[in-house]
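The model shown is predicted, which means the values in this text are computed figures rather than measured ones.
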Amino acid sequence: MTTFLTLLVNLTAPIAFTAPAFVGVNIDTAALFQGTLPHRLDFGDAGLLELGKAFATAGPSGSTLRVGGSTAENTVFGQPMPPNAVTVDTAYWDQLVAFAGQCGFELVWDLNGFGNSLSMRRATDGRWNSTNAEVLLRHVAANHQTAVLKGLQLGNEPGHYSAETRNAPGPAEHGQDFVALRQLLSEVFPDSATRPLIQGPDVCFGKYLNCSLVNCTSGGDKCADLAYFSTLLTSANGAIEEVTVHNYGLTGPSHGPPYVPHQCSLPNLLNPVLWEQDRADRPGMLTVLRNWRDAQRRSAPQARIVLSETATTGDGGCVNLSNTFAAGFFWVDQLGLTASEGYWKVYRQDLVGFSGINGASSYALAGPPGWVGDMATNHSSRLRRWPTGPLQANPDFFTSILWKRLVGHRVLWSSLGADAVRNRNLANDSGVRVYGACSADPATAGQVALAFLNPTAGAVVLAVPTAMAVAPRTIWLLSSGAQDGRLDTQHMLLNGVALSNADAVRSGGMAGVAEAPASTVSLPAHTYGFAMFAVRQGDAPACEDSG
């Protein structure tokens with residue numbers, strides 16, 4: 001069955017602007033744990049360097065690498081720690097900085113904000129203990145590493161730390177921690193031009209409940225609520241330059257025992273309404289994104305807002321699903337929605353590795369869960385607790401590369417009539433999504449880019465606006481690469497041709513297919529991808545000025 005839809009795109013003026021370097025990526029601090037066998041994440045691994053560089057340099061505007069997460073609260077620089085904490089010594093820190101620099105990333109580092117580690121306890125008056133942070137920052141200054149280190153965060157998801165931990169700082173106290181960080185940075189880096197910016201507070205959205213004392217219906221209930229968020233931002237008094245928040249699409253698994261998948265199922269990854277709209281147990285992605293953004297604009301209007309953690313689900317993702325082709329429907333939708341809602345940047349969780357100490361990440365963009373490096377020939381099998389071997393890109397890696405190359409920072413309003421993002425008729429929601437933007441590539445300046453997803457089992461034909469109908473177009477159609485058509489596969493086709501690492505790293509790789517002008521665009525069942533329209537001069541004023 002074929003569905004016919006009419007696409008509307010406002011080509012007159014953008015509705016939002018993102019950062020030119022919109023799409024970034026995370027490595028969880030847990031991947032740095034020195035107790036991992038056979039070794040912690042190897043930043044010198046040739047395959048990691050190759051894919052990291054391909055990601056960072058895709059498109060004209062670079063990318064952010066954030067190293068952070070809950071394990072940051074058990075991380076110390078330059079001194080030995082208990083077995084369950086992370087020690088980042090000088091040599092390993094320098095390897096991380098060298099990796100980010102060689103790839104072309106701008107590095108953001110999550111400092112220990114709450115002092116879970118013994119030597120990091122907060123002062124008796126509740127103030128943040130900045131001693132270890134200062135040691136790290138003076139090392140950065142002495143070694144001229146601010147060319148790579150561009151941002152600092154202070155703690156991770158502080159709402160549920162505060163809700164569940166006795167004597168933890170409240171939102172007003174934690175806001176003052178950012179003021180203290182600003183003062184420390186001004187002392188260590190007197191030249192504001194080389195001073196890393198401050199991001200925070202990296203909150204997830206919930207009810208700010210202590211789930212050990214009350215009955216929580218969702219793991220997210222312990223996350224910060226809007227009152228916590230607003231109080232913290234107000235207390236920070238302008239110290240936070242980029243406000244960072246977290247949001248995951250579906251309820252992730254409980255690893256138990258027993259293992260409970262919750263919303264980890266293939267049908268759920270094909271249902272945008274499920275993650276976009278409010279449910280009985282939790283608000284949907286649209287509500288969360290808008291609540292965070294509106295609160296930021298009220299309480300920290302000088303700042304920009306960044307979605308600094310996201311993937312299909314939290315808690316490490318869905319095993320054998322979050323790193324497959326099926327996850328791409330969420331990823332394209334998340335990028336399109338976040339840009340449309342006025343977010344400055346998005347950081348995908350994760351590039352490789354772990355989502356917690358000894359908790360492998362099923363939503364990684366590359367490699368199997370828990371990948372640590374290509375050391376299979378150098379270690380005996382008894383030490384291979386986590387996967388080793390050559391690093392392979394997963395489907396969302398290729399999708400991210402294409403977005404960075406094609407979709408620019410000027411966001412265009414788009415609508416599918418009753419299915420419009422901002423005015424959707426949920427009773428008749430087709431599940432199809434289309435997002436518009438100006439081209440990211442200076443070589444195709446003035447052209448109009450579309451990102452689309454068709455998660456349905458039937459073909460869709462889009463009638464496009466006249467200005468686009470008369471324009472030659474190029475198509476990047478992504479589909480399952482499994483011989484039996486399964487969607488939970490790590491194999492993906494671009495315009496019918498299988499993708500591999502070589503396509504992502506090769507200059508000119510992953511080229512689209514040129515098509516003649518036509519009044520419609522066809523979206524086969526269970527596909528997503530991109531289209532670029534070479535509109536005539538004057539037909540898309542939104543993409544022609546220098547803004």
Side-chain angles (χ1 to χ4, degrees), residues 14 16-26 51-65 104-105 249 272 306-308 310-312 323 325 327-351 363-366 393-412 414 421 433-445 447-455 473-479 492-495 499 503-505 509-512 523 527-533 543:
F17 292 87
T18 70
F22 177 59
V23 183
V25 70
N26 296 335
L51 289 186
K53 184 175 182 179
F55 189 99
T57 59
S61 302
S63 191
T64 299
L65 171 64
F105 284 116
V306 174
L307 182 62
S308 57
T310 189
T312 46
N323 56 1
F325 172 79
F329 295 100
F330 168 82
W331 185 222
V332 175
D333 193 38
Q334 174 72 287
L335 290 172
L337 269 181
T338 308
S340 298
E341 293 297 328
Y343 278 65
W344 186 238
K345 294 179 181 178
V346 174
Y347 302 160
R348 168 61 183 263
Q349 187 88 353
D350 288 308
L351 179 59
Y363 40 48
L365 291 179
N394 295 327
D396 281 356
F397 185 93
F398 299 107
T399 306
S400 302
I401 295 290
L402 287 174
W403 184 288
K404 286 162 57 66
R405 289 179 181 176
L406 301 173
V407 182
H409 72 287
R410 284 181 279 186
V411 184
L412 305 177
S414 60
V421 168
R433 303 288 183 265
V434 183
Y435 299 98
C438 301
S439 171
D441 187 352
T444 56
Q447 297 190 15
V448 175
L450 295 181
F452 57 82
L453 53 140
N454 175 17
R473 77 279 301 269
T474 306
I475 304 293
W476 292 261
L477 186 70
L478 298 167
S479 60
M492 185 160 72
L493 306 181
L494 172 60
N495 296 321
L499 288 169
D503 297 297
V505 304
M510 300 174 65
L523 312 181
T527 61
Y528 45 88
F530 305 89
M532 187 73 71
F533 294 80
C543 300

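Checked by atom type and distance alone, the side chain of N495 never pairs as donor or acceptor with a backbone atom of G512 at under 3.5 Å. Proximity of a side-chain donor or acceptor of S63 to a complementary backbone N or O of V23 within less than 3.5 Å is detected. The main-chain N or O of L523 is found under 3.5 Å from a side-chain atom of N454 such that the two form a donor-acceptor pair. Of the possible donor and acceptor atoms, none in the side chain of D333 sits under 3.5 Å from a partner among the backbone N and O of R433. Listed for the T18 side chain is no donor-acceptor partner under 3.5 Å among the backbone atoms of A339.
Ion pair R405/D441 not flagged as a salt bridge, since none of the NZ, NE, NH1 or NH2 atoms sits closer than 4.0 Å to an Asp/Glu carboxylate oxygen.
Between the CG atom of L412 and the OH atom of Y435 there is a distance of 14.0 Å, given to the nearest 0.5 Å. Here the CG-CH2 distance, from D396 to W403, works out to 12.5 Å after rounding to the nearest 0.5 Å. A distance of 10.0 Å separates CG of N394 from CG of L351, quoted to the nearest 0.5 Å. To the nearest 0.5 Å, the span separating CZ on F397 from CE on M492 amounts to 11.0 Å. With values rounded to the nearest 0.5 angstrom, Q334 atom CD is found 5.5 Å from L307 atom CG. Rounded to the nearest 0.5 angstrom, W476 CH2 and L450 CG are separated by 11.0 Å.
Side-chain contact between K53 and V505 is absent, with no heavy atoms from C-beta onward closer than 4.5 Å. Between V25 and D350 there is no side-chain heavy-atom pair separated by less than 4.5 Å. With contacts defined as side-chain heavy-atom distances shorter than 4.5 Å, the pair P14/C438 does not qualify. Annotation: side chain of Y343 is not in contact with side chain of V306 (no heavy-atom distance under 4.5 Å). Contact check for L365 versus F398: no side-chain heavy atoms found under the 4.5 Å cut-off. Contact of the V332 side chain with the T399 side chain is registered, since non-hydrogen atoms from C-beta on lie closer than 4.5 Å. Residues Y363 and N323 are not in side-chain contact: their nearest non-hydrogen atoms beyond the backbone lie 4.5 Å or more apart. T310 places a side-chain heavy atom less than 4.5 Å from the side chain of V346.
Counting all heavy atoms, side chain and backbone alike, L406 lies closest to M532 at O-CE, 3.5 Å. The two residues G104 and A56 have their closest heavy-atom pair at C-CB, 3.8 Å. Residues A511 and L494 approach most closely at O-CD2, 3.9 Å, considering heavy atoms.
Looking only at atom types and distance, the side chain of W331 has a donor-acceptor partner in the side chain of S400 under 3.5 Å away.
Annotation: cation-pi geometry not satisfied between K404 and F22 (NZ/CZ under 6.0 angstrom from ring centroid, within 45° of ring axis).
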Problem - Verdict with reasoning, F17 to R410, per side-chain contact (heavy atoms from CB on, under 4.5 Å) - result: CA-CA 5 Å; F17 292 87; R410 284 181 279 186; 3.2 Å; yes

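Note on ring orientation: taking the six-membered ring where Trp is involved, the planes of Y528 and F325 are parallel (angle under 30°, cut-offs 30° and 60°).
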